[in-house]
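The structure appears right after this line, and notes come after that.
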There are 2 protein chains.
Amino acid sequence: MTIATLQTIANIVKVSRSTVSRVLNNKWEDFGISQATADKIISKAKDLHYIKNEAALSLRVKKTFTIGVIVKDITDPFYSQLVKFVESALYTKGYNIIICNTGYDLDKENGHINILLSRWVDGIILSPIQKSIENISIIKDRNVPLALFDCKIDKFEADYILVDNKAGTMEAVNHLISQGHKKIVYIGGNSSDLNNRLRYAGYKKALSKASLSITEHYVIHGSYTFKHGYEAATELLRSNDAPTAFFAANNRIVLGACKGIMDCGLQIPEDVSIVGFDDFETATMLPSPLTVIRQPLRDMALNAVDILLSRMDKTNNTPCMTRMLKTEFILRNSTRKIN
Amino acid sequence: MTIATLQTIANIVKVSRSTVSRVLNNKWEDFGISQATADKIISKAKDLHYIKNEAALSLRVKKTFTIGVIVKDITDPFYSQLVKFVESALYTKGYNIIICNTGYDLDKENGHINILLSRWVDGIILSPIQKSIENISIIKDRNVPLALFDCKIDKFEADYILVDNKAGTMEAVNHLISQGHKKIVYIGGNSSDLNNRLRYAGYKKALSKASLSITEHYVIHGSYTFKHGYEAATELLRSNDAPTAFFAANNRIVLGACKGIMDCGLQIPEDVSIVGFDDFETATMLPSPLTVIRQPLRDMALNAVDILLSRMDKTNNTPCMTRMLKTEFILRNSTRKIN
DNA sequence: GATAATTACGCCATCGATTGCGTTAAATTT
DNA sequence: AAATTTAACGCAATCGATGGCGTAATTATC
């Protein structure tokens, strides 16, 4: 009925707590505990359904086997997949994760950081909302291993996991150019967002390399939403200088743009070509499966885990590093050659 | 540099740990501690960036302010949304969640249950893989509050959060019938899955109420996957007794079926009508937005949280209850009247 | 038969925060 | 001035697990 602790078992078998602890941690041989005693302890522990108290252990060994993961929106496939991979990798190492969803709310991000620190987590994977240092440097001050995900913060020494947004976008736009497209639209996210800027830089570079000039009204920053993608696409397609191809800066924008294209009575890829950033399950399920730039989420997750685990070794003083991963171009069926 | 504890502050201010604890918990007036002392302590705590150690607290007060959430697949929008709502509701109450992803692996489910118990979580929300009792009853034995989600287990007393699968499906099928459809296919999930059986029961009842007989080859159980939906739809549409409408038992099946329909050169809703179980973001983004049965995920999450919190009050001996929530019929544009 | 070595454990401090029960000194009352 | 109250704190146990150090008892060695 009541919950068994080491003491409970110790009392029954008439040994000390230490002995019980040693036996249950499979160290009894090192401490010269007889097989008979060990057997008695083990069997009693089973009888009583003994389960160790991790809180007590944490206190003693100053390690919680817990990692905090702070994401912006867990319902975004990008993050839910990340969480899945991180959880899986850490599970095999004996760690659990506390998930924190900020919902793009900076106060909540701050709150979560404080809570995670008060829980003495062994590490934090953070996909920060802002490029502000204040709330994040407290993590560093406490010397808690930190992996910054998907966002580079200027002048802040830390371990970063990034993808090569610029090169990835270039590849996508190059593909459109090689198909003969000249009127290529960039539908972007928030204009202050660093990833968006890098993707835009890739777009610009691809165009200039092909000696195409930037058409101003073909660049539409906004937000990473379905709505923005939809509005940008419909507006342009109904203008008197309609484009022939789109690049959409994330998974939600691309869906919005696709819907917009179809609502204009046009077909993909027959009438309009489109490439998106981010791969996701439903990208393959659209009438014309989307050609996309895939972020190597599994690799990103494994790298983040790897960094945290290695930083837990306090003798590890290697300088912080940025791991920049390559994107992958996935050719499906949403672009077409034109003349 | 080093981390401040109560003792650290106590040493500096030259008071006892108790006094520091009382001040930092805003109880100093109850214990007659002078404002001057309190001020000194508070300011020192700020200076040293004192953050309390929750592990020590847990040990002392036998409460961890942690809830375990075990889901089958966090990348499924159904679960990622659930997690989002649960996280948000618990955050305001001062609780964190440890997320456990089983990936439909029973061993992992077991492992996670054990880990959560060893962490002395204050409650568990579990969406179990099987209807087996063994691994789950250990939670009950430990007297840990448990909310069983989306799966009723026979003969197992517990608090359940369910939706009315049968009534929801009936509503969907009734809608198809009222539009004049008589050849209605049921594409289901795993035939042993309880939810699938209940949904199928709703399908059968709707047909029989309308005096339509069950056509055997119009019922295709299988799995909750895109592939199954696709194959079922294409196979039937190419047969010489093609149906005019589909009911798909979850979000992935419905996407597969839609793709299958389109790959057969048919249009939704012009040529074929379809209704799906589960609402999800991309349902609105298809060429023809899907008519679906929505599960009240937010309500389900809030109910689960509510149950757990109330069960934490150990004087609460109200018998276990099943909260059966109603689904919502969301009419979009994937069905059409025929004659 | 005395000494050394090994076996088989136990004691107790520790991790950090909380809390019931004191205790001391000052202030107030009579 | 003696007695009582109140203000302002401290002591030490507690939560559960761990591990360094110590020790009694048995066995082995010379």
Side-chain angles (χ1 to χ4, degrees), chain A residues 2-42 45 48-66 115 117-122 142, chain B residues 2-42 44-45 48-66 94 115 117-122 142:
Chain A
T2 52
I3 286 172
T5 71
L6 284 189
Q7 188 68 263
T8 320
I9 299 174
N11 290 341
I12 296 176
V13 186
K14 301 212 184 304
V15 293
S16 73
R17 283 207 303 281
S18 324
T19 302
V20 180
S21 168
R22 282 156 186 157
V23 168
L24 296 181
N25 285 302
N26 291 320
K27 298 181 191 168
W28 75 81
E29 285 167 346
D30 306 348
F31 287 88
I33 292 165
S34 71
Q35 190 70 42
T37 308
D39 288 348
K40 262 192 287 183
I41 290 172
I42 290 170
L48 300 174
H49 298 108
Y50 170 80
I51 298 182
K52 85 161 68 163
N53 183 327
E54 293 281 347
L57 180 63
S58 300
L59 190 56
R60 184 67 229 259
V61 304
K62 287 177 173 293
K63 191 156 169 47
T64 54
F65 288 96
T66 306
I115 293 171
L117 292 179
S118 79
R119 287 175 175 275
W120 289 37
V121 292
D122 295 333
R142 286 234 147 198
Chain B
T2 52
I3 287 173
T5 70
L6 285 190
Q7 189 67 262
T8 320
I9 299 174
N11 290 343
I12 295 177
V13 186
K14 301 213 183 304
V15 293
S16 72
R17 283 207 303 279
S18 327
T19 303
V20 180
S21 168
R22 281 154 186 157
V23 168
L24 295 181
N25 286 301
N26 291 320
K27 297 180 190 167
W28 74 82
E29 286 167 344
D30 306 348
F31 288 86
I33 292 166
S34 71
Q35 189 70 43
T37 308
D39 287 348
K40 263 192 287 183
I41 290 172
I42 290 169
K44 258 303 159 214
L48 301 174
H49 298 109
Y50 170 80
I51 298 182
K52 84 162 69 165
N53 183 328
E54 293 280 347
L57 180 63
S58 300
L59 190 55
R60 183 66 228 258
V61 304
K62 288 176 172 293
K63 190 157 169 47
T64 54
F65 288 97
T66 306
I115 292 171
L117 292 179
S118 78
R119 287 175 174 274
W120 289 36
V121 292
D122 296 333
R142 285 233 147 198

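Chain identifiers are assigned alphabetically (A, B, ...) following the order of the sequence lines, protein sequences preceding nucleic acid strands; residue numbering begins at 1 within each chain.
- Atom CG of B:L6 is separated from atom P of C:dT14 by 17 Å (rounded to the nearest Å).
- Side-chain N/O atoms of B:S34 include one lying less than 4.0 angstrom from OP1 or OP2 on D:dC9.
- Counting to the nearest Å, the C1' atom of C:dT6 and the CD1 atom of A:I33 are 15 Å from each other.
- Straight-line distance from the CD1 atom of A:I3 to the C1' atom of D:dA17: 15 Å, rounded to whole Å.
- The side chain of A:A56 approaches D:dA17 more closely than any other nucleotide in the set C:dC9, D:dA17, D:dC15.
- The heavy-atom pair separating B:K52 from B:N25 by the smallest distance is NZ-OD1, 3.7 Å.
- Look at A:S18 and you won't find any side-chain N or O under 4.0 angstrom from OP1 or OP2 of C:dC11.
- Atom CD in A:Q7 sits about 14 Å away from atom C1' in D:dA13, given to the nearest Å.
- Between the side chains of A:S18 and A:S21, no donor-acceptor pair is found at a separation under 3.5 Å.
- Contact between the side-chain N/O atoms of A:T37 and the OP1/OP2 oxygens of C:dA8 is not found at any separation under 4.0 Å.
- Looking at A:R22, its side chain never comes within 3.5 Å of a backbone N or O of A:D30 through a donor-acceptor pair.
- Toward the 5′ end of DNA chain C lies the nearest nucleotide of A:V15, the other residue of the pair A:V15 and B:L57 mapping further downstream.
- In this structure, the CG atom of A:N53 is 8 Å from the C1' atom of D:dA17, given to the nearest Å.
- Between the CZ atom of B:F31 and the C1' atom of C:dG22 there is a distance of 13 Å, rounded to whole Å.
- Of the candidates C:dT19, D:dG16, C:dG16, the closest approach to any side-chain atom of B:W120 belongs to D:dG16.
- Residue A:L24 contributes atom CG, which lies 14 Å from atom P of C:dC9 at whole-angstrom precision.
- Judged by closest nucleotide on DNA chain D, B:K14 is the one of B:K62 and B:K14 placed further toward the 5' end.
- One can find a donor-acceptor pair under 3.5 Å joining the base of C:dG20 and the side-chain atoms of B:R22.
- Listed pair B:T5 / C:dG16 fails the phosphate criterion, with no side-chain N or O lying under 4.0 Å from OP1 or OP2.
- Among the atoms of the strands shown, none is found under 4.0 Å from any heavy atom of A:W28.
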query: Can you check side-chain contact (heavy atoms from CB on, under 4.5 Å) on A:T37 and A:W28, steps first, answer last?
result: CA-CA 10 Å; A:T37 308; A:W28 75 81; over 6 Å; no
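- Across all non-hydrogen atoms, the minimal contact from B:L24 to B:A45 is CD2-CB, 3.9 Å.
- Using a 4.0 Å cut-off, some side-chain N or O of B:K27 falls inside it from OP1 or OP2 of C:dT19.
- Between the CD atom of B:Q35 and the C1' atom of D:dC9 there is a distance of 15 Å, rounded to whole Å.
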